[in-house]
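Read through the structure below, which is laid out as C-alpha cells, and then see the notes.
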Amino acid sequence: MTQSEPSEQQRAGRPFPVSWDQFHRDCRALSWRLNELGPFHAVIAITRGGLVPAAIVARELGLRVIDTVCIASYEHDKQGELQVLKGVSDQTAKLGGGTGKGLLIIDDLVDTGKTGRMVRSLLPEAHFAAVYAKPKGRPLVDTFITEVSQDTWIFFPWDTGLSFQPPLKDGAA
Ligand SMILES: O=P(O)(O)OC[C@H]1O[C@H](OP(=O)(O)OP(=O)(O)O)[C@H](O)[C@@H]1O
Ligand SMILES: O=c1[nH]c(=O)c2nc[nH]c2[nH]1
Ligand SMILES: [Mg+2]
C-alpha cells in the first residue's frame with residue numbers, strides 16, 4: 001500500500017484558529033487601511049474565501065458593486081492545478097478600464113501566492129488586499145493585516161466549530 005503525501009495543512013503544522021469576532025475585527029482593520037487608499041469603483045471577491053471579507057469591506061467603504069472571480073485550487077487542504085471557473089463581468093471589467101484600475105480585489109489570505117498571481121495576471125492594475133499573508137504570498141498583495149509564518153495553517157471560522165480541548169497535562173500541544 002502506498003502512503004499518501006502529507007497535506008499542505010499537515011506540512012504547515014502550526015495551527016492558527018481565527019474566531020468570527022477576530023475575523024470581523026481584522027476585516028475592519030483592513031477596511032480602515034483601504035479607506036485611505038480608495039476610492040474604489042467595485043469590490044471583487046476571490047471565491048470562496050474572499051466572500052466574507054469582501055462583504056465586510058464593502059459595507060465599511062459603502063461599495064455596492066460587488067463581483068467575483070471564482071478560482072478552485074485547494075481540495076480541502078491540498079493544492080492542485082488552479083482553475084478559473086468564472087472571471088469578472090464585462091460591466092466590472094469596463095469600470096476598471098480593462099486593466100483593473102480602481103478595482104479592489106479581496107481574498108481571505110495569500111499563502112504560496114499562486115491564486116494572487118493568477119488574479120493579478122487578469123487585472124494587473126487592480127488593488128489586491130488580503131486579511132492574512134504568509135511570506136511567499138506577501139509580495140503579491142498590496143495591503144494585508146496580519147502576517148503569519150509559512151508553516152502556519154489558518155483555520156477560518158466557517159471551517160471550524162467549538163470542540164472539547166484536552167488539558168495540557170494530558171498531552172495537548
Ligand atoms: O496563495 P495560495 O497558495 O494560492 O492560497 C491562497 C488561496 O487558497 C485558499 O482558497 P482555496 O483555493 O482553498 O479555495 P476557497 O477559497 O474556495 O476555500 C484561500 O482562500 C486563497 O484563495
Ligand atoms: O483554510 C486555509 N488555511 C490556510 O492557511 C490556507 N492556505 C492555503 N489555503 C488555505 N486555507
Ligand atoms: Mg480562496
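Counting convention: from 1, in listed order, for ligands and their atoms alike. On a predicted model such as this, the values are computed, not experimentally measured, just so you know.
Taking every heavy atom of Asp108 and a limit of under 4.0 angstrom, the matching atoms of ligand 1 come to 19 (C), 20 (O), 21 (C). Under a 4.0 Å criterion applied to the non-hydrogen atoms of Phe156, ligand 2 contributes the atoms 1 (O), 2 (C). Residue-ligand proximity, Lys134 to ligand 2, at heavy-atom distances under 4.0 Å covers atoms 4 (C), 5 (O), 7 (N). Taking a cut-off of under 4.0 Å to the non-hydrogen atoms of Val110, the atoms of ligand 1 that pass are 1 (O). For ligand 2, the atoms sitting less than 4.0 Å from at least one non-hydrogen atom of Asp111 are 6 (C), 7 (N), 8 (C), numbered in the order shown with element in parentheses. Near Thr47, meaning under 4.0 Å from any of its heavy atoms, are these atoms of ligand 1: 16 (O), 17 (O).
Heavy atoms of Asp111 found under 4.0 angstrom from ligand 1 belong to the backbone as well as the side chain. No part of Thr112 comes within 4.0 Å of ligand 2, judged by heavy-atom distances. Residue-level proximity to ligand 1 for Leu82 is absent, since no heavy atom of it falls below 4.0 angstrom.
Ring-plane geometry between Tyr132 and Phe23 is classed as tilted, the angle between the planes lying from 30 to 60 degrees on a 0 to 90 degree scale.
Taking the charged nitrogens against the carboxylate oxygens, Asp142 and Arg33 have no contact shorter than 4.0 Å, which rules out a salt bridge. Salt bridge present: Arg138 and Glu147 bring a charged side-chain N and a carboxylate O closer than 4.0 Å.
Considering backbone and side-chain atoms alike, Phe155 places every N or O at 3.5 Å or more from each N or O of ligand 2.
There is a side-chain donor-acceptor pair under 3.5 Å between Thr68 and Lys86.
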